[in-house]
2 protein chains.
Amino acid sequence: MRAKPKTTQEEVLALLRVEILTGSLQPGQQIVQDLLAEKFGVSRVPLREALKILEGEGQVTHHLHRGYFVAELSINDLQEVYRLRAILEREAVTAAVSNITDRDLLAIAELAAQVRKATKSSEVLGITAANRAFHFAIFELSEMPRLVRLLRQLWDATDVYRSVYFTQAANRDRILLEHDEILSALSARSVARSIRWHDIHRDNSVASVSAVIAG
Amino acid sequence: MRAKPKTTQEEVLALLRVEILTGSLQPGQQIVQDLLAEKFGVSRVPLREALKILEGEGQVTHHLHRGYFVAELSINDLQEVYRLRAILEREAVTAAVSNITDRDLLAIAELAAQVRKATKSSEVLGITAANRAFHFAIFELSEMPRLVRLLRQLWDATDVYRSVYFTQAANRDRILLEHDEILSALSARSVARSIRWHDIHRDNSVASVSAVIAG
DNA sequence: TTCGGCAGGATTGTATCCAATCTGCTAGAT
DNA sequence: ATCTAGCAGATTGGATACAATCCTGCCGAA
(Lines give C-alpha, C1' and ligand atoms only; values in the text may rest on other atoms or scores of the structure.)
Protein backbone atom coordinates (compact mmCIF):
# COMPACT_ATOMS: atom_id res chain seq x y z
CA MET A 1 0.00 0.00 0.00
CA ARG A 2 1.30 3.39 -0.99
CA ALA A 3 1.86 6.09 1.58
CA LYS A 4 -1.27 8.14 1.30
CA PRO A 5 -1.26 11.92 1.72
CA LYS A 6 -3.58 13.10 4.39
CA THR A 7 -5.94 15.03 2.20
CA THR A 8 -7.19 14.48 -1.30
CA GLN A 9 -5.98 17.80 -2.50
CA GLU A 10 -2.45 17.04 -1.37
CA GLU A 11 -2.60 13.80 -3.25
CA VAL A 12 -3.96 15.56 -6.32
CA LEU A 13 -1.27 18.21 -6.01
CA ALA A 14 1.43 15.56 -5.94
CA LEU A 15 -0.13 13.80 -8.91
CA LEU A 16 -0.32 17.03 -10.86
CA ARG A 17 3.32 17.76 -10.21
CA VAL A 18 4.28 14.36 -11.54
CA GLU A 19 2.06 14.77 -14.59
CA ILE A 20 3.67 18.09 -15.36
CA LEU A 21 7.14 16.87 -14.57
CA THR A 22 6.90 13.80 -16.73
CA GLY A 23 5.32 15.71 -19.57
CA SER A 24 2.01 13.90 -19.46
CA LEU A 25 0.71 17.40 -19.21
CA GLN A 26 2.75 19.42 -21.63
CA PRO A 27 3.48 23.13 -21.43
CA GLY A 28 0.72 25.12 -23.05
CA GLN A 29 -1.74 22.29 -22.82
CA GLN A 30 -5.16 22.97 -21.42
CA ILE A 31 -6.18 21.21 -18.24
CA VAL A 32 -9.76 20.03 -18.54
CA GLN A 33 -10.99 19.78 -15.01
CA ASP A 34 -13.65 17.16 -15.54
CA LEU A 35 -11.35 14.81 -17.39
CA LEU A 36 -8.53 15.12 -14.91
CA ALA A 37 -10.83 14.81 -11.93
CA GLU A 38 -12.21 11.60 -13.33
CA LYS A 39 -8.74 10.34 -14.20
CA PHE A 40 -7.58 10.90 -10.64
CA GLY A 41 -10.78 9.54 -9.23
CA VAL A 42 -11.62 12.67 -7.28
CA SER A 43 -14.14 15.42 -7.53
CA ARG A 44 -13.40 18.85 -8.97
CA VAL A 45 -13.19 20.61 -5.63
CA PRO A 46 -9.82 19.30 -4.45
CA LEU A 47 -8.52 19.40 -8.01
CA ARG A 48 -9.29 23.08 -8.31
CA GLU A 49 -7.74 23.85 -4.98
CA ALA A 50 -4.60 22.06 -6.06
CA LEU A 51 -4.63 24.02 -9.30
CA LYS A 52 -4.97 27.22 -7.30
CA ILE A 53 -1.81 26.35 -5.45
CA LEU A 54 0.03 25.62 -8.66
CA GLU A 55 -1.26 28.87 -10.10
CA GLY A 56 0.16 30.68 -7.12
CA GLU A 57 3.48 29.05 -7.84
CA GLY A 58 3.26 30.02 -11.48
CA GLN A 59 3.22 26.41 -12.61
CA VAL A 60 -0.08 26.82 -14.37
CA THR A 61 -1.89 29.86 -15.68
CA HIS A 62 -5.54 30.61 -15.48
CA HIS A 63 -7.71 32.33 -18.05
CA LEU A 64 -11.13 33.37 -16.93
CA HIS A 65 -13.82 30.99 -18.11
CA ARG A 66 -11.30 29.21 -20.26
CA GLY A 67 -9.57 27.22 -17.63
CA TYR A 68 -6.10 26.26 -16.56
CA PHE A 69 -3.13 25.76 -18.83
CA VAL A 70 0.27 24.35 -18.07
CA ALA A 71 2.65 27.29 -17.96
CA GLU A 72 5.10 27.77 -20.77
CA LEU A 73 8.56 29.07 -20.17
CA SER A 74 10.17 31.40 -22.64
CA ILE A 75 13.90 31.94 -22.83
CA ASN A 76 13.38 35.25 -21.07
CA ASP A 77 11.42 33.59 -18.30
CA LEU A 78 14.12 31.03 -17.89
CA GLN A 79 16.84 33.61 -17.63
CA GLU A 80 14.84 35.58 -15.13
CA VAL A 81 14.27 32.51 -12.99
CA TYR A 82 17.95 31.68 -12.98
CA ARG A 83 18.92 35.27 -12.28
CA LEU A 84 16.61 35.28 -9.27
CA ARG A 85 17.92 31.92 -8.17
CA ALA A 86 21.46 33.24 -8.35
CA ILE A 87 20.64 36.19 -6.12
CA LEU A 88 18.63 34.25 -3.59
CA GLU A 89 20.81 31.17 -3.46
CA ARG A 90 23.84 33.29 -2.72
CA GLU A 91 21.98 34.68 0.25
CA ALA A 92 20.88 31.23 1.34
CA VAL A 93 24.35 29.74 1.01
CA THR A 94 25.91 32.61 2.88
CA ALA A 95 23.54 32.14 5.77
CA ALA A 96 23.89 28.37 5.59
CA VAL A 97 27.67 28.46 5.93
CA SER A 98 27.44 30.50 9.08
CA ASN A 99 25.02 28.01 10.60
CA ILE A 100 26.39 24.69 9.40
CA THR A 101 27.45 22.04 11.91
CA ASP A 102 29.49 18.88 11.46
CA ARG A 103 26.32 16.95 11.88
CA ASP A 104 24.78 18.88 8.99
CA LEU A 105 27.78 18.13 6.83
CA LEU A 106 27.34 14.43 7.40
CA ALA A 107 23.69 14.62 6.46
CA ILE A 108 24.46 16.55 3.29
CA ALA A 109 27.25 14.15 2.36
CA GLU A 110 24.75 11.34 2.71
CA LEU A 111 22.34 13.16 0.39
CA ALA A 112 25.13 13.66 -2.12
CA ALA A 113 25.78 9.93 -1.98
CA GLN A 114 22.12 9.29 -2.70
CA VAL A 115 22.30 11.51 -5.75
CA ARG A 116 25.27 9.46 -6.90
CA LYS A 117 23.34 6.26 -6.41
CA ALA A 118 20.32 7.70 -8.22
CA THR A 119 22.38 8.65 -11.27
CA LYS A 120 23.43 5.00 -11.53
CA SER A 121 19.85 3.82 -11.67
CA SER A 122 19.06 6.11 -14.59
CA GLU A 123 15.67 6.98 -13.31
CA VAL A 124 15.12 10.66 -14.07
CA LEU A 125 12.42 11.22 -11.50
CA GLY A 126 14.58 9.73 -8.80
CA ILE A 127 17.61 11.80 -9.78
CA THR A 128 15.55 14.98 -9.78
CA ALA A 129 14.23 14.24 -6.31
CA ALA A 130 17.63 13.32 -4.90
CA ASN A 131 19.28 16.36 -6.42
CA ARG A 132 16.60 18.58 -5.00
CA ALA A 133 16.94 17.04 -1.57
CA PHE A 134 20.67 17.67 -1.63
CA HIS A 135 20.42 21.33 -2.57
CA PHE A 136 17.52 22.18 -0.33
CA ALA A 137 19.15 20.55 2.64
CA ILE A 138 21.79 23.22 2.18
CA PHE A 139 19.31 26.02 1.66
CA GLU A 140 17.37 24.97 4.73
CA LEU A 141 20.44 25.60 6.83
CA SER A 142 19.96 29.29 6.18
CA GLU A 143 17.09 29.12 8.66
CA MET A 144 15.20 31.52 6.45
CA PRO A 145 11.94 29.69 5.72
CA ARG A 146 10.53 32.31 3.40
CA LEU A 147 13.69 32.38 1.38
CA VAL A 148 13.54 28.61 1.05
CA ARG A 149 9.94 28.84 -0.05
CA LEU A 150 10.78 31.32 -2.77
CA LEU A 151 13.60 29.11 -3.95
CA ARG A 152 11.27 26.15 -4.06
CA GLN A 153 8.93 28.10 -6.30
CA LEU A 154 11.75 29.03 -8.64
CA TRP A 155 12.97 25.46 -8.83
CA ASP A 156 9.46 24.20 -9.48
CA ALA A 157 9.07 26.60 -12.36
CA THR A 158 11.89 24.99 -14.29
CA ASP A 159 11.60 21.42 -13.12
CA VAL A 160 9.99 20.31 -16.34
CA TYR A 161 12.88 21.47 -18.41
CA ARG A 162 15.62 20.62 -15.97
CA SER A 163 14.65 16.98 -15.89
CA VAL A 164 15.91 16.72 -19.46
CA TYR A 165 19.26 17.82 -18.13
CA PHE A 166 19.59 14.63 -16.16
CA THR A 167 19.01 12.37 -19.10
CA GLN A 168 22.41 13.14 -20.56
CA ALA A 169 25.20 11.02 -19.13
CA ALA A 170 27.87 13.69 -19.53
CA ASN A 171 25.89 16.07 -17.38
CA ARG A 172 25.48 13.50 -14.67
CA ASP A 173 29.18 13.09 -14.12
CA ARG A 174 29.71 16.82 -13.97
CA ILE A 175 26.89 17.23 -11.49
CA LEU A 176 28.46 14.72 -9.15
CA LEU A 177 31.81 16.47 -9.34
CA GLU A 178 30.23 19.83 -8.65
CA HIS A 179 28.34 18.44 -5.71
CA ASP A 180 31.61 17.24 -4.27
CA GLU A 181 33.10 20.67 -4.69
CA ILE A 182 30.14 22.27 -2.99
CA LEU A 183 30.43 19.82 -0.14
CA SER A 184 34.12 20.51 0.16
CA ALA A 185 33.54 24.27 0.22
CA LEU A 186 30.89 23.89 2.89
CA SER A 187 33.20 21.71 4.97
CA ALA A 188 35.80 24.45 4.80
CA ARG A 189 33.16 26.96 5.86
CA SER A 190 34.15 29.06 2.88
CA VAL A 191 31.33 31.32 1.80
CA ALA A 192 33.16 32.47 -1.31
CA ARG A 193 33.94 28.98 -2.54
CA SER A 194 30.47 27.71 -1.71
CA ILE A 195 28.88 30.51 -3.68
CA ARG A 196 31.29 30.13 -6.56
CA TRP A 197 30.54 26.44 -7.00
CA HIS A 198 26.85 27.02 -6.68
CA ASP A 199 27.16 29.59 -9.43
CA ILE A 200 29.13 27.24 -11.64
CA HIS A 201 26.66 24.45 -10.98
CA ARG A 202 23.75 26.69 -11.87
CA ASP A 203 25.40 28.15 -14.95
CA ASN A 204 25.97 24.70 -16.37
CA SER A 205 22.36 23.90 -15.74
CA VAL A 206 20.98 27.03 -17.36
CA ALA A 207 23.10 26.48 -20.43
CA SER A 208 21.69 23.02 -20.96
CA VAL A 209 18.14 23.97 -20.21
CA SER A 210 18.33 26.97 -22.53
CA ALA A 211 19.33 24.62 -25.30
CA VAL A 212 16.31 22.48 -24.56
CA ILE A 213 13.90 25.39 -24.73
CA ALA A 214 15.50 26.89 -27.78
CA GLY A 215 14.69 23.57 -29.37
CA MET B 1 -21.94 51.35 -8.01
CA ARG B 2 -18.55 49.88 -7.32
CA ALA B 3 -16.57 48.16 -10.03
CA LYS B 4 -17.31 44.52 -9.50
CA PRO B 5 -14.69 41.84 -9.98
CA LYS B 6 -15.56 39.33 -12.62
CA THR B 7 -15.73 36.29 -10.42
CA THR B 8 -17.00 35.80 -6.93
CA GLN B 9 -13.72 34.44 -5.67
CA GLU B 10 -11.92 37.56 -6.82
CA GLU B 11 -14.44 39.65 -4.98
CA VAL B 12 -14.06 37.50 -1.90
CA LEU B 13 -10.30 37.73 -2.20
CA ALA B 14 -10.45 41.51 -2.30
CA LEU B 15 -12.80 41.56 0.68
CA LEU B 16 -10.53 39.26 2.62
CA ARG B 17 -7.54 41.47 1.94
CA VAL B 18 -9.41 44.46 3.26
CA GLU B 19 -10.58 42.57 6.32
CA ILE B 20 -7.04 41.53 7.10
CA LEU B 21 -5.58 44.91 6.27
CA THR B 22 -8.03 46.83 8.42
CA GLY B 23 -7.67 44.39 11.27
CA SER B 24 -11.24 43.16 11.18
CA LEU B 25 -9.52 39.83 10.95
CA GLN B 26 -6.65 40.00 13.36
CA PRO B 27 -3.40 38.03 13.17
CA GLY B 28 -3.79 34.65 14.80
CA GLN B 29 -7.55 34.73 14.57
CA GLN B 30 -9.34 31.73 13.16
CA ILE B 31 -11.33 32.17 10.01
CA VAL B 32 -14.58 30.31 10.37
CA GLN B 33 -15.66 29.49 6.86
CA ASP B 34 -19.38 29.30 7.46
CA LEU B 35 -19.55 32.61 9.25
CA LEU B 36 -17.44 34.46 6.75
CA ALA B 37 -19.23 32.91 3.79
CA GLU B 38 -22.52 34.07 5.20
CA LYS B 39 -21.12 37.49 6.02
CA PHE B 40 -19.95 37.93 2.44
CA GLY B 41 -23.11 36.42 1.05
CA VAL B 42 -21.33 33.67 -0.85
CA SER B 43 -20.96 29.94 -0.50
CA ARG B 44 -17.94 28.27 1.02
CA VAL B 45 -16.37 27.13 -2.24
CA PRO B 46 -15.21 30.50 -3.62
CA LEU B 47 -14.24 31.52 -0.11
CA ARG B 48 -12.00 28.50 0.23
CA GLU B 49 -10.38 29.13 -3.12
CA ALA B 50 -9.65 32.70 -2.12
CA LEU B 51 -8.18 31.41 1.13
CA LYS B 52 -6.00 29.00 -0.84
CA ILE B 53 -4.58 31.93 -2.75
CA LEU B 54 -3.88 33.82 0.44
CA GLU B 55 -2.28 30.72 1.88
CA GLY B 56 0.02 30.55 -1.11
CA GLU B 57 0.99 34.13 -0.42
CA GLY B 58 1.58 33.32 3.21
CA GLN B 59 -1.15 35.70 4.34
CA VAL B 60 -3.04 32.96 6.11
CA THR B 61 -1.97 29.60 7.43
CA HIS B 62 -3.83 26.38 7.22
CA HIS B 63 -4.05 23.63 9.78
CA LEU B 64 -5.56 20.38 8.66
CA HIS B 65 -9.14 19.96 9.80
CA ARG B 66 -8.80 23.00 11.96
CA GLY B 67 -9.08 25.62 9.31
CA TYR B 68 -7.49 28.85 8.29
CA PHE B 69 -5.88 31.39 10.56
CA VAL B 70 -4.66 34.88 9.82
CA ALA B 71 -0.88 34.66 9.69
CA GLU B 72 1.16 36.10 12.49
CA LEU B 73 4.49 37.70 11.87
CA SER B 74 7.29 37.28 14.35
CA ILE B 75 10.19 39.69 14.56
CA ASN B 76 12.31 37.09 12.83
CA ASP B 77 9.80 36.74 10.02
CA LEU B 78 9.70 40.47 9.61
CA GLN B 79 13.45 40.76 9.40
CA GLU B 80 13.61 37.97 6.89
CA VAL B 81 10.97 39.60 4.73
CA TYR B 82 12.80 42.89 4.74
CA ARG B 83 16.13 41.21 4.08
CA LEU B 84 14.63 39.50 1.05
CA ARG B 85 13.02 42.72 -0.05
CA ALA B 86 16.35 44.48 0.17
CA ILE B 87 18.02 41.91 -2.04
CA LEU B 88 15.27 41.71 -4.61
CA GLU B 89 14.42 45.38 -4.74
CA ARG B 90 18.04 46.24 -5.44
CA GLU B 91 17.88 43.94 -8.40
CA ALA B 92 14.58 45.41 -9.54
CA VAL B 93 15.77 48.99 -9.18
CA THR B 94 18.98 48.26 -11.03
CA ALA B 95 17.08 46.81 -13.95
CA ALA B 96 14.51 49.59 -13.79
CA VAL B 97 17.08 52.33 -14.08
CA SER B 98 18.50 50.82 -17.23
CA ASN B 99 15.04 50.68 -18.80
CA ILE B 100 13.49 53.90 -17.61
CA THR B 101 12.24 56.45 -20.13
CA ASP B 102 11.23 60.09 -19.70
CA ARG B 103 7.69 59.00 -20.17
CA ASP B 104 8.06 56.55 -17.28
CA LEU B 105 9.49 59.29 -15.09
CA LEU B 106 6.43 61.44 -15.69
CA ALA B 107 4.13 58.59 -14.78
CA ILE B 108 6.05 57.87 -11.59
CA ALA B 109 6.10 61.56 -10.66
CA GLU B 110 2.34 61.55 -11.05
CA LEU B 111 2.06 58.53 -8.75
CA ALA B 112 4.27 60.27 -6.21
CA ALA B 113 1.92 63.24 -6.36
CA GLN B 114 -0.99 60.95 -5.68
CA VAL B 115 0.74 59.58 -2.62
CA ARG B 116 1.18 63.18 -1.45
CA LYS B 117 -2.48 63.86 -1.99
CA ALA B 118 -3.46 60.65 -0.20
CA THR B 119 -1.42 61.56 2.86
CA LYS B 120 -3.42 64.77 3.09
CA SER B 121 -6.68 62.91 3.20
CA SER B 122 -5.54 60.80 6.14
CA GLU B 123 -7.14 57.68 4.85
CA VAL B 124 -4.77 54.83 5.63
CA LEU B 125 -6.15 52.44 3.06
CA GLY B 126 -5.75 55.04 0.35
CA ILE B 127 -2.21 55.90 1.38
CA THR B 128 -1.23 52.26 1.39
CA ALA B 129 -2.62 51.76 -2.09
CA ALA B 130 -1.02 54.91 -3.50
CA ASN B 131 2.32 54.11 -1.92
CA ARG B 132 2.21 50.64 -3.35
CA ALA B 133 1.34 51.92 -6.80
CA PHE B 134 4.29 54.28 -6.70
CA HIS B 135 6.83 51.66 -5.73
CA PHE B 136 5.56 48.92 -7.97
CA ALA B 137 5.47 51.24 -10.96
CA ILE B 138 9.22 51.45 -10.45
CA PHE B 139 9.65 47.72 -9.92
CA GLU B 140 7.61 46.97 -13.02
CA LEU B 141 10.15 48.86 -15.10
CA SER B 142 12.57 46.04 -14.41
CA GLU B 143 10.58 44.02 -16.93
CA MET B 144 11.07 41.02 -14.72
CA PRO B 145 7.53 39.81 -14.03
CA ARG B 146 8.51 37.01 -11.68
CA LEU B 147 10.65 39.31 -9.64
CA VAL B 148 7.73 41.70 -9.33
CA ARG B 149 5.51 38.85 -8.27
CA LEU B 150 7.89 37.81 -5.53
CA LEU B 151 8.10 41.38 -4.33
CA ARG B 152 4.34 41.62 -4.27
CA GLN B 153 4.19 38.57 -2.03
CA LEU B 154 6.73 40.05 0.33
CA TRP B 155 4.88 43.35 0.50
CA ASP B 156 1.60 41.58 1.12
CA ALA B 157 3.08 39.68 4.02
CA THR B 158 3.74 42.86 5.96
CA ASP B 159 0.89 45.03 4.75
CA VAL B 160 -1.04 44.59 7.96
CA TYR B 161 1.73 45.94 10.06
CA ARG B 162 2.95 48.55 7.63
CA SER B 163 -0.40 50.25 7.52
CA VAL B 164 0.22 51.35 11.08
CA TYR B 165 3.29 53.12 9.79
CA PHE B 166 1.13 55.50 7.80
CA THR B 167 -0.96 56.56 10.71
CA GLN B 168 1.86 58.57 12.22
CA ALA B 169 2.16 62.07 10.80
CA ALA B 170 5.92 62.27 11.24
CA ASN B 171 6.39 59.20 9.08
CA ARG B 172 4.23 60.62 6.35
CA ASP B 173 6.41 63.65 5.84
CA ARG B 174 9.53 61.56 5.73
CA ILE B 175 7.97 59.19 3.22
CA LEU B 176 7.20 62.03 0.88
CA LEU B 177 10.73 63.35 1.12
CA GLU B 178 12.18 59.94 0.44
CA HIS B 179 9.91 59.47 -2.52
CA ASP B 180 11.22 62.72 -3.94
CA GLU B 181 14.77 61.54 -3.47
CA ILE B 182 13.99 58.26 -5.21
CA LEU B 183 12.40 60.12 -8.07
CA SER B 184 15.39 62.42 -8.32
CA ALA B 185 17.80 59.49 -8.36
CA LEU B 186 15.80 57.77 -11.06
CA SER B 187 15.72 60.95 -13.14
CA ALA B 188 19.50 61.07 -12.91
CA ARG B 189 19.63 57.42 -13.98
CA SER B 190 21.81 56.77 -10.98
CA VAL B 191 21.62 53.15 -9.91
CA ALA B 192 23.65 53.74 -6.77
CA ARG B 193 21.55 56.65 -5.56
CA SER B 194 18.31 54.91 -6.43
CA ILE B 195 19.30 51.85 -4.47
CA ARG B 196 20.58 53.90 -1.55
CA TRP B 197 17.34 55.80 -1.17
CA HIS B 198 15.31 52.65 -1.52
CA ASP B 199 17.40 51.16 1.27
CA ILE B 200 16.93 54.20 3.48
CA HIS B 201 13.23 54.22 2.78
CA ARG B 202 12.95 50.57 3.67
CA ASP B 203 15.10 50.80 6.76
CA ASN B 204 12.90 53.53 8.16
CA SER B 205 9.91 51.36 7.48
CA VAL B 206 11.29 48.26 9.11
CA ALA B 207 12.27 50.20 12.20
CA SER B 208 8.74 51.46 12.69
CA VAL B 209 7.10 48.17 11.90
CA SER B 210 9.43 46.32 14.27
CA ALA B 211 8.32 48.64 17.01
CA VAL B 212 4.72 47.82 16.22
CA ILE B 213 5.27 44.09 16.38
CA ALA B 214 7.42 44.28 19.49
CA GLY B 215 4.39 45.88 21.05
C1' DT C 1 -15.40 37.01 -47.98
C1' DT C 2 -17.00 39.06 -43.89
C1' DC C 3 -20.02 39.92 -40.26
C1' DG C 4 -23.56 38.65 -36.89
C1' DG C 5 -25.85 35.52 -34.17
C1' DC C 6 -26.81 31.07 -32.26
C1' DA C 7 -25.79 26.49 -30.23
C1' DG C 8 -22.66 23.64 -27.72
C1' DG C 9 -19.20 23.15 -24.36
C1' DA C 10 -16.49 24.43 -20.54
C1' DT C 11 -15.88 26.77 -16.49
C1' DT C 12 -17.69 28.93 -12.38
C1' DG C 13 -20.83 29.32 -8.50
C1' DT C 14 -24.14 27.27 -5.38
C1' DA C 15 -26.55 23.98 -2.52
C1' DT C 16 -26.70 19.84 -0.04
C1' DC C 17 -25.16 15.76 1.98
C1' DC C 18 -21.81 12.85 4.18
C1' DA C 19 -17.28 11.48 6.14
C1' DA C 20 -13.29 12.57 8.87
C1' DT C 21 -11.33 15.00 12.43
C1' DC C 22 -10.65 18.15 16.15
C1' DT C 23 -12.18 20.19 20.58
C1' DG C 24 -14.14 20.34 24.88
C1' DC C 25 -16.70 18.26 28.34
C1' DT C 26 -18.02 14.55 31.24
C1' DA C 27 -17.53 10.36 33.77
C1' DG C 28 -14.86 7.00 35.70
C1' DA C 29 -10.53 5.22 37.64
C1' DT C 30 -6.50 5.84 40.42
C1' DA D 1 -8.23 15.74 43.61
C1' DT D 2 -6.16 14.65 39.25
C1' DC D 3 -5.67 12.26 35.17
C1' DT D 4 -7.41 9.67 31.32
C1' DA D 5 -10.81 7.63 28.14
C1' DG D 6 -14.48 8.41 25.47
C1' DC D 7 -18.51 10.67 23.79
C1' DA D 8 -21.02 14.71 21.59
C1' DG D 9 -20.92 18.86 19.08
C1' DA D 10 -18.80 21.61 15.76
C1' DT D 11 -15.94 22.40 11.83
C1' DT D 12 -13.54 21.23 7.93
C1' DG D 13 -12.95 18.32 3.72
C1' DG D 14 -14.94 16.11 -0.13
C1' DA D 15 -18.59 14.43 -3.47
C1' DT D 16 -22.39 15.27 -6.27
C1' DA D 17 -25.88 17.67 -8.73
C1' DC D 18 -27.51 21.69 -10.85
C1' DA D 19 -27.84 26.57 -12.35
C1' DA D 20 -25.50 30.47 -14.42
C1' DT D 21 -22.04 32.62 -17.05
C1' DC D 22 -18.99 33.03 -20.63
C1' DC D 23 -16.10 31.48 -24.46
C1' DT D 24 -15.67 29.24 -28.98
C1' DG D 25 -16.74 27.80 -33.31
C1' DC D 26 -19.95 27.08 -36.83
C1' DC D 27 -23.46 28.53 -40.03
C1' DG D 28 -25.93 31.48 -42.81
C1' DA D 29 -26.91 36.00 -44.79
C1' DA D 30 -25.27 40.31 -46.83
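Note on naming: letters A, B, ... go to the chains in the order of the sequence lines (proteins, then strands), and numbering restarts at 1 for each one.
- Regarding contacts with the backbone of D:dG14, a side-chain N or O of A:Gln9 is found under 4.0 angstrom from either OP1 or OP2.
- Contact detail for B:Ala50 and B:Leu16: the closest heavy-atom pair is CB-CD1, 4.0 Å.
- Across the protein-nucleic acid pair, B:Arg44 atom CZ and D:dG13 atom C1' stand 7 Å apart, rounded to whole Å.
- At the heavy-atom level, A:Leu51 lies nowhere under 4.0 Å from the strands shown.
- Using modelled atom types, one side-chain atom of B:Gln30 and one backbone atom of B:Arg66 make a donor-acceptor pair closer than 3.5 Å.
- A donor-acceptor pair under 3.5 Å links the side-chain atoms of B:Arg172 to the main chain of B:Thr119, judged by distance alone.
- Rounded to a whole Å, the CG atom of A:Leu64 is 21 Å from the P atom of C:dG9.
- Just one residue in the list B:Leu154, B:Ile87, B:Thr158 forms a side chain to side chain contact (heavy atoms under 4.5 Å, CB included) with B:Tyr82, and that residue is B:Thr158.
- The separation between B:Tyr68 atom OH and D:dT11 atom C1' is 13 Å, rounded to whole Å.
- A:Leu47 comes within 4.0 angstrom of no nucleic acid atom, judged by non-hydrogen atoms across all strands.
- Distances shorter than 4.0 Å separate none of the side-chain N or O atoms of A:His62 from OP1 or OP2 on C:dT11.
- The side chain of A:His65 approaches D:dC22 more closely than any other nucleotide in the set D:dC22, C:dA10, D:dT16.
- Contact annotation: A:Thr8 does not reach the phosphate of D:dG13 (side-chain N/O to OP1 or OP2, under 4.0 Å).
- A close approach under 4.0 Å does occur between a side-chain nitrogen or oxygen of A:Arg48 and OP1 or OP2 of C:dG13.
- Residue B:Glu49 contributes atom CD, which lies 15 Å from atom C1' of D:dT12 at whole-angstrom precision.
- Of the candidate nucleotides C:dT12, C:dA15, D:dA15, C:dA15 has the atom lying nearest to any side-chain atom of B:Ser43.
- Distance CD (B:Gln30) to C1' (C:dG24): 14 Å, rounded to an integer number of Å.
- Checking the phosphate oxygens (OP1, OP2) of C:dG13, a side-chain nitrogen or oxygen of B:Thr7 falls inside 4.0 Å.
- Protein atom CD1 of B:Ile31 is 12 Å distant from nucleotide atom P of D:dG13, rounded to whole Å.
- One atom, CD of A:Gln33, and another, P of C:dG13, lie 10 Å apart when rounded to the nearest Å.
- Remark: the backbone N or O of B:Val206 is not paired with any side-chain donor or acceptor of B:Tyr165 at under 3.5 angstrom.
- Distance, A:Leu13 CG to D:dG14 P: 12 Å, rounded to whole Å.
- Sequence order on DNA chain D of the closest nucleotides to A:Arg66 and B:His63 puts B:His63 first from the 5' end.
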